[in-house]
Amino acid sequence: MVRDRNQPNSTHRVLVSGNYCHDVLIKDGVVLAETLGGAASFISNVFDGLSVPYNLVSKVGFDFAYSVPRDPIVVPNCKTTLFHAHFDSGVDGDGRQDRDRVLKRVSSCDPIKPSDLPESRFDFGMAVGVGGEVTVETMEKLLEICNTVFVDIQALIRAFDGVDGTVKHVALKESGFFHLLPRIGFLKASAEEALFMEVEEVRKLCCVVVTNGRRGCRVYWRDGEVEVGPFPTNQVDPTGAGDSFLGGFVAGLVNGLTVPDAALLGNLFGSLTVGQIGLPKFDIRLLQRAREEVQRRKMQCGNCYERKDDKFRFVNAAGQEQFHASLGVAKQTTKCLAHEPQWDLPSSPSKPTEQVVLCQYTTQPKSLTGSVYEEAIKTVDVESKP
């Protein structure tokens, strides 16, 4: 069962369901970082930074290495879900650096059971499994206890090679979850993942949000669609970008923003995440500015709903360009600091003075000689890197 510490004092707003993970980031055969991973960690990072009340149900093994603000369920006879993310720095035909990754699940913790979820009701629920830990039965329970459920498609369509654990995908119709789509509020997918569903068919069943990196995202619903602009950034590590987007998106809706405005907030946090290796650290000044801009935008759009019974508004409200610009200024005037040196930037500040916040996570990399990464492979001497 979920521990009492996992129950916030405020109203039950959001329930997040997905396992914490260990992530090993490897470039050209060199281990660059070992860090806390899993969609739950990236989403929690955004929620804590924006002061969104939430509960979390997550399972880890006896080897879990981090201190986190929401207690996971520890499974004594299991290892924590472990992913190896392999990056290739080769150059493609257009002279651009190839940042595609090959993701492998090395070990997996137990799935989340319906009985692991609390009996309380929630305004919002999130199914954000990354290692196959969200089952159909658990999804059904989540739909029962939450008014609106957000699902990352990776929780539904990921499959894992039986030999080396390489992450693959199955068609959404073959996933076993397709019949639940009419009960889902929002289905989020990357542009690559969207190829495994028929967007025109699925948008008739639930709202679909497709992220497309530097191009921003597009939101589809039964009666229309809207494109939401990006925030330019230098991509360093794509890991967790979609998770941070989803965290920002839901945070915006929790705070009363329209769907396009909430997607803008999601794009902001996705862009901040790709600029760092692993779980990002957010500048506290940026977070404060973002909270202020969200509240200002909420007040501006307080009466913009067409009907009093509308749960969400999908059409752009006047002033979104200014909201976009204000968030962009907040990003430009503050810096996010990576907790690992960035592997493709020309230099890093030698003595950063920016004030940063990473909530209550302890995310120092584990020893590379420990049990998380056991293959014989080169490692980076961080202190000696230029």
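This structure is a prediction, so every number in the text was calculated from the model and none was measured.
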Discussion item. Tell me whether Glu133 is salt-bridged to Lys59, with the criterion being a basic N under 4.0 Å from an acidic carboxylate O.
Written reply: no

Worksheet item: Hey, what's the ring geometry for Phe186 with Phe150, parallel, tilted or perpendicular (30° and 60° as the breaks)?
Response: parallel

Practice prompt. With rounding to the nearest 0.5 Å, note down the distance linking CD in Glu144 to CE in Met139.
Written response: 12.5 Å

Practice prompt. Cation-pi check, Arg105 to Phe83: give yes when NZ or CZ is under 6.0 Å from the six-membered ring centre and within 45° of the ring axis, no otherwise.
Written response: no

Discussion item. Hydrophobic clusters here meaning ILVMFWY residues chained together by side-chain heavy-atom distances under 4.5 Å, can you tell me if Val210 and Phe178 are in one?
Written reply: yes

Item to complete: Apply salt bridge (Lys or Arg N to Asp or Glu O under 4.0 Å) to the pair Lys141 and Glu119, showing each step before the final yes or no.
Response: CA-CA 10 Å; Lys141 175 68 178 292; Glu119 295 301 325; 3.3 Å; yes

Worksheet entry | Candidate pair Asn55 and Arg70, rule side chain to side chain donor-acceptor pair (under 3.5 Å), full reasoning | CA-CA 8 Å; Asn55 292 50; Arg70 297 291 189 276; over 6 Å; no

Worksheet item: In terms of hydrophobic clustering (I, L, V, M, F, W, Y; side-chain heavy atoms under 4.5 Å; direct or indirect links), are Leu268 and Val226 co-clustered?
Response: yes

Worksheet item: Given the rule in the side chain to side chain contact (heavy atoms under 4.5 Å, CB included) test, do His22 and Leu36 qualify, once you have shown the distances and angles that lead to the verdict?
Response: CA-CA 5 Å; His22 290 155; Leu36 175 66; 5.8 Å; no

Worksheet entry | Side-chain (His324) to main-chain (Pro230) donor-acceptor, under 3.5 angstrom | yes

Worksheet item: Taking atom CG of Leu286 and atom CD of Gln288, what is their separation to the nearest 0.5 Å?
Response: 10.5 Å

Item to complete: Calculate, to the nearest 0.5 Å, the distance between atoms SG and CD belonging to Cys207 and Glu225 respectively.
Response: 11.0 Å

Worksheet item: Quick check: does any side chain N or O of Ser17 sit under 3.5 Å from a backbone N or O of Met126, one acting as donor and the other as acceptor?
Response: no

Worksheet, complete the sentence: Taking every heavy atom of Thr233 against every heavy atom of Lys331, the minimum-distance pair comes out as CB-NZ, 3.3 Å

Discussion item. Are Tyr220 and Val199 packed together at the side-chain level, in the sense that at least one heavy-atom pair is separated by less than 4.5 angstrom?
Written reply: yes

Worksheet item: Does the gap between the ring centers of Phe124 and Tyr54 come in under 6.0 Å?
Response: no

Worksheet item: For the side chain of Thr211 and the backbone of Gly216, is there at least one donor-acceptor N/O pair under 3.5 Å apart?
Response: no

Discussion item. Using a strict threshold of under 4.0 Å (side-chain N to carboxylate O), is an ion pair present between Lys204 and Glu201?
Written reply: no

Worksheet item: Do Glu193 side-chain atoms and Ser190 backbone N/O form a donor-acceptor pair below 3.5 Å?
Response: yes

Worksheet item: Do the charged groups of Glu292 and Arg296 touch, with an N to O distance under 4.0 Å?
Response: no

Worksheet item: Do the side chains of Phe231 and Leu264 get nearer than 4.5 Å, heavy atoms only?
Response: yes

Worksheet item: Would Phe245 end up clustered with Trp221 when hydrophobic side chains under 4.5 Å apart are linked, directly or stepwise?
Response: yes

Worksheet item: Checking side chain to side chain contact (heavy atoms under 4.5 Å, CB included) for the pair Val60/Ile73: CA distance, chi angles, key distance, verdict?
Response: CA-CA 6 Å; Val60 299; Ile73 300 170; over 6 Å; no

Worksheet entry | Shared hydrophobic cluster, Val130 / Val151 (ILVMFWY, side-chain heavy atoms < 4.5 Å) | no

Item to complete: Grab the two heavy atoms, one from Gly18 and one from Leu56, that are nearest each other, plus how far apart they are.
Response: O-CD1, 4.3 Å

Discussion item. Angle between ring planes, Tyr66 versus Phe64, binned at 30° and 60°: parallel, tilted or perpendicular?
Written reply: perpendicular

Fill in: For Leu25 against Gly278, the heavy-atom pair lying closest together
CD1-N, 3.8 Å

Item to complete: Side-chain contact test, heavy atoms from C-beta onward, threshold under 4.5 Å: evaluate it for Leu265 versus Phe269 and give yes or no.
Response: yes

Discussion item. Tell me whether Asp164 is salt-bridged to Lys104, with the criterion being a basic N under 4.0 Å from an acidic carboxylate O.
Written reply: yes

Worksheet item: Passes side chain to side chain contact (heavy atoms under 4.5 Å, CB included), Gln154 versus Asp243? Steps please.
Response: CA-CA 10 Å; Gln154 66 184 358; Asp243 306 322; 3.3 Å; yes

Discussion item. Within a 6.0 Å radius of atom CD on Glu198, are there more than 12 heavy atoms belonging to other residues, nucleotides or ligands?
Written reply: no

Worksheet item: Does any donor atom in the side chain of Asn212 or Arg218 lie under 3.5 Å from an acceptor atom in the other side chain?
Response: no

Worksheet item: How long is the span from the CZ atom in Phe47 to the CZ atom in Arg13, to the nearest 0.5 Å?
Response: 10.5 Å

Fill in: Minimum side-chain heavy-atom gap Leu253-Val259 below 4.5 Å
yes

Discussion item. Can you confirm whether Val68 sits close enough to Tyr20 that some side-chain heavy atom of one is under 4.5 Å from a side-chain heavy atom of the other?
Written reply: yes

Worksheet item: Counting N and O atoms only, with roles assigned by atom type, does the side chain of Asp261 sit under 3.5 Å from a partner on the main chain of Leu257, one being a donor and the other an acceptor?
Response: no

Discussion item. Let me check something: do Val254 and Leu50 share a hydrophobic cluster, defined by ILVMFWY side-chain heavy atoms less than 4.5 Å apart, either directly or through other members?
Written reply: yes

Item to complete: Decide yes or no on side chain to side chain contact (heavy atoms under 4.5 Å, CB included) for Val75 and Phe62, but give the supporting numbers first.
Response: CA-CA 6 Å; Val75 183; Phe62 63 87; over 6 Å; no

Discussion item. Does any part of the side chain of Leu117, heavy atoms only, come nearer than 4.5 Å to the side chain of Thr138, both counted from C-beta?
Written reply: yes

Worksheet item: Looking at Val134 and Phe177, what are the two nearest heavy atoms and their distance?
Response: O-CZ, 3.4 Å

Worksheet entry | Shortest non-hydrogen contact from Phe87 toward Pro238 | CE2-CD, 3.5 Å

Item to complete: Classify the side-chain pair Thr80/Asp63 by whether it contains a donor and acceptor separated by less than 3.5 Å.
Response: yes

Practice prompt. Check whether the side chains of Gln276 and Asp237 place a donor and an acceptor atom closer than 3.5 Å, and report yes or no.
Written response: no

Worksheet entry | Note: Glu137-Lys113 ion pair, threshold 4.0 Å (strictly below) | no

Item to complete: Scan side-chain atoms only and decide if Gln300 and Arg297 contain a donor-acceptor pair under the 3.5 Å cut-off.
Response: yes

Worksheet item: Ser244 side chain to Ala241 main-chain N or O, any donor-acceptor pair under 3.5 Å?
Response: no

Practice prompt. Please name the residue in the list Val167, Ile153, Val170 that meets the side chain to side chain contact (heavy atoms under 4.5 Å, CB included) test with Arg158.
Written response: Val167

Worksheet item: So does Arg215 have more than 12 non-hydrogen atoms from other groups sitting under 6.0 Å from CZ?
Response: no

Worksheet, complete the sentence: Looking only at heavy atoms, the pair that brings Gly61 and Cys109 closest together is N-SG, 3.9 Å

Worksheet entry | Sidechain-backbone polar pair: Ser44 side chain, Ser41 backbone, donor-acceptor under 3.5 Å | no

Discussion item. With a 4.5 Å cut-off on side-chain heavy atoms, are Leu187 and Val202 touching?
Written reply: yes

Worksheet item: To the nearest 0.5 Å, how far apart are CG in Leu156 and CG in Leu172?
Response: 6.0 Å

Practice prompt. Look only at the side chain of Asn45 and the backbone of Pro280, and say whether a donor-acceptor pair between them is shorter than 3.5 Å.
Written response: yes

Fill in: Rounded distance (nearest 0.5 Å) linking atom CG of Asp110 with atom CG of Asn77
6.5 Å

Fill in: Evaluation steps, side chain to side chain donor-acceptor pair (under 3.5 Å), between Thr239 and Arg101
CA-CA 9 Å; Thr239 305; Arg101 65 175 182 172; 3.3 Å; yes

Fill in: Side-chain donor or acceptor of Asn267 paired with backbone N/O of Gly229 under 3.5 Å
yes

